[in-house]
Amino acid sequence: QVHLVESGGGLVQPGGSLRLSCAASGNNIFSIRVMGWYRQVPGKQRELVAVAVRDGPTNYADFVQGRFTISRDNAKNTVDIQMNSLTPDDTAVYYCYVDRVAYQTRNGLLPDSTNYWGQGAQVTVSS
């Protein structure tokens, strides 16, 4: 079981920046393969913002257009996203996401295919 705690949301003016952070915790977490961020606005489906694969590639949604940077700390099981040049269209609830967790057990590594989500962080871009 993994618990995700997000921080860093808030109100920012157009053109401004925000940084969201997410910390994953749980018993005997050995590794997390996929960590990322999604967002959702009322009435729309949740959409991918960015994802970082452990020791692998990072991928961004087309709408990011170089404005956001995702980073992760594998030792701390954290994932951040730095968001610059924000526009009102970026207003949404942002959710931290992790997938492909492995736990250390007495018998070796135990994989977990559950998708875990944070509670959401509101980001509002408005003047």
K.L.:
Check the hydrophobic clustering (I, L, V, M, F, W, Y; side-chain heavy atoms under 4.5 Å; chains of links allowed) and say if Val12 and Val64 are grouped together.
P.N.:
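Yes: a chain of side-chain contacts under 4.5 Å links Val12 to Val64.
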
K.L.:
Has Phe30 got more than 12 heavy atoms of other residues, nucleotides or ligands less than 6.0 Å from its CZ?
P.N.:
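No, not enclosed.
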
K.L.:
Test side chain to side chain contact (heavy atoms under 4.5 Å, CB included) on Leu86 and Leu18; report intermediate values, then the result.
P.N.:
CA-CA 8 Å; Leu86 287 163; Leu18 275 179; 4.1 Å; yes

K.L.:
Would you say the side chains of Asn84 and Ser17 form a donor-acceptor pair under 3.5 Å?
P.N.:
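On atom types as modelled, these side chains qualify, holding a pair under 3.5 Å.
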
K.L.:
Show your reasoning for whether side chain to side chain contact (heavy atoms under 4.5 Å, CB included) applies to Leu20 and Glu6.
P.N.:
CA-CA 7 Å; Leu20 301 180; Glu6 301 153 352; over 6 Å; no

K.L.:
Suppose we screen for side chain to side chain contact (heavy atoms under 4.5 Å, CB included). Which residues come up paired with Ser113, at least two apart in sequence or across chains?
P.N.:
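Expected list: none.
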
K.L.:
Could you check whether Thr114 and Asp112, counting side-chain N and O atoms only, form a donor-acceptor pair closer than 3.5 Å?
P.N.:
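A donor-acceptor contact under 3.5 Å links the two side chains.
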
K.L.:
Quick one: do Asn74 and Ile32 satisfy side chain to side chain contact (heavy atoms under 4.5 Å, CB included)? Show the steps, please.
P.N.:
CA-CA 8 Å; Asn74 292 330; Ile32 302 175; over 6 Å; no

K.L.:
Testing Ile29, Leu4, Val34, Asn77 for side-chain contact (heavy atoms from CB on, under 4.5 Å) with Val98, which one passes?
P.N.:
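When Ile29, Leu4, Val34, Asn77 are each tested with Val98, the side-chain contact (heavy atoms from CB on, under 4.5 Å) holds only for Leu4.
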
K.L.:
Is there a side-chain contact between Val49 and Phe68 in this structure, where contact means two heavy atoms from C-beta onward sitting under 4.5 Å apart?
P.N.:
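Yes, side chains in contact.
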
K.L.:
Working to the nearest 0.5 Å, report the span between CD of Gln1 and CG of Asn27.
P.N.:
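Gln1 atom CD to Asn27 atom CG measures 10.0 Å (nearest 0.5 Å).
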
K.L.:
According to the interplanar angle, ranging from 0 to 90°, do the rings of Tyr97 and Trp117 count as parallel (below 30°), tilted (30 to 60°) or perpendicular (above 60°)?
P.N.:
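Tilted, since the angle between the ring planes falls between 30° and 60°.
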
K.L.:
Quiz question: by atom type and distance under 3.5 Å, do the side chains of Tyr38 and Arg46 form a donor-acceptor pair?
P.N.:
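Note: Tyr38 and Arg46 side chains miss the donor-acceptor criterion.
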
K.L.:
Compare all side-chain heavy atoms of Val125 with those of Pro88 and state whether any distance is below 4.5 angstrom.
P.N.:
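The answer is yes; the side chains approach within 4.5 Å.
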
K.L.:
Verify side chain to side chain contact (heavy atoms under 4.5 Å, CB included) between Thr87 and Arg67, making sure each step is shown before the conclusion.
P.N.:
CA-CA 10 Å; Thr87 76; Arg67 301 178 297 131; 4.2 Å; yes

K.L.:
Side chains of Phe63 and Glu47, heavy atoms from C-beta outward: is any pair under 4.5 Å?
P.N.:
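Phe63 vs Glu47: side chains touch.
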
K.L.:
May I ask you to check whether over 12 heavy atoms, not counting those of Arg100, lie within 6.0 Å of atom CZ?
P.N.:
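12 or below, so no.
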
K.L.:
Out of curiosity, Tyr103 OH to Ser31 OG, how far, rounded to the nearest 0.5 Å?
P.N.:
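It comes to 10.5 Å.
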
K.L.:
Looking at Ser127 and Pro14, what are the two nearest heavy atoms and their distance?
P.N.:
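Heavy atoms only, the tightest pair is N-CD, 3.6 Å.
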
K.L.:
Work out which heavy atom in Gly9 is nearest to a heavy atom in Val123; give both atom names and the distance.
P.N.:
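Reported closest heavy-atom pair: CA-CG2, 4.3 Å.
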
K.L.:
Compute whether any side-chain donor of one residue and acceptor of the other, for Thr78 and Asp73, lie under 3.5 angstrom apart.
P.N.:
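Thr78 vs Asp73: no donor-acceptor pair found between side chains.
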
K.L.:
Between atom CD of Gln65 and atom OG of Ser85, what is the distance when rounded to the nearest 0.5 Å?
P.N.:
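Rounded to the nearest 0.5 Å, the CD-OG separation comes out at 10.5 Å.
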
K.L.:
Indicate the atoms forming the closest heavy-atom contact of Lys44 with Gln40, along with that distance.
P.N.:
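Nearest heavy atoms, Lys44 then Gln40: O-NE2, 3.1 Å.
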
K.L.:
Could you give the distance from CG (Asn28) to OG1 (Thr105), rounded to the nearest 0.5 Å?
P.N.:
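Nearest 0.5 Å value for the CG-OG1 distance: 8.5 Å.
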
K.L.:
Could you tell me if the side chain of Arg72 sits less than 4.5 Å from the side chain of Arg54, heavy atoms only?
P.N.:
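With C-beta onward as the side chain, the pair touches.
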
K.L.:
Quickly, which of Val51, Ile70, Leu48, Asp80 forms a side-chain contact (heavy atoms from CB on, under 4.5 Å) with Trp37? Name it, please.
P.N.:
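Output: one option passes, namely Ile70.
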
K.L.:
Mind checking the CZ-CE spacing from Arg39 to Met83? Nearest 0.5 Å is all I need.
P.N.:
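Output value for this atom pair is 9.0 Å.
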
K.L.:
Rounded at 0.5 Å granularity, tell me how far CG in Leu11 sits from OG1 in Thr124.
P.N.:
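Nearest 0.5 Å value for the CG-OG1 distance: 6.0 Å.
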
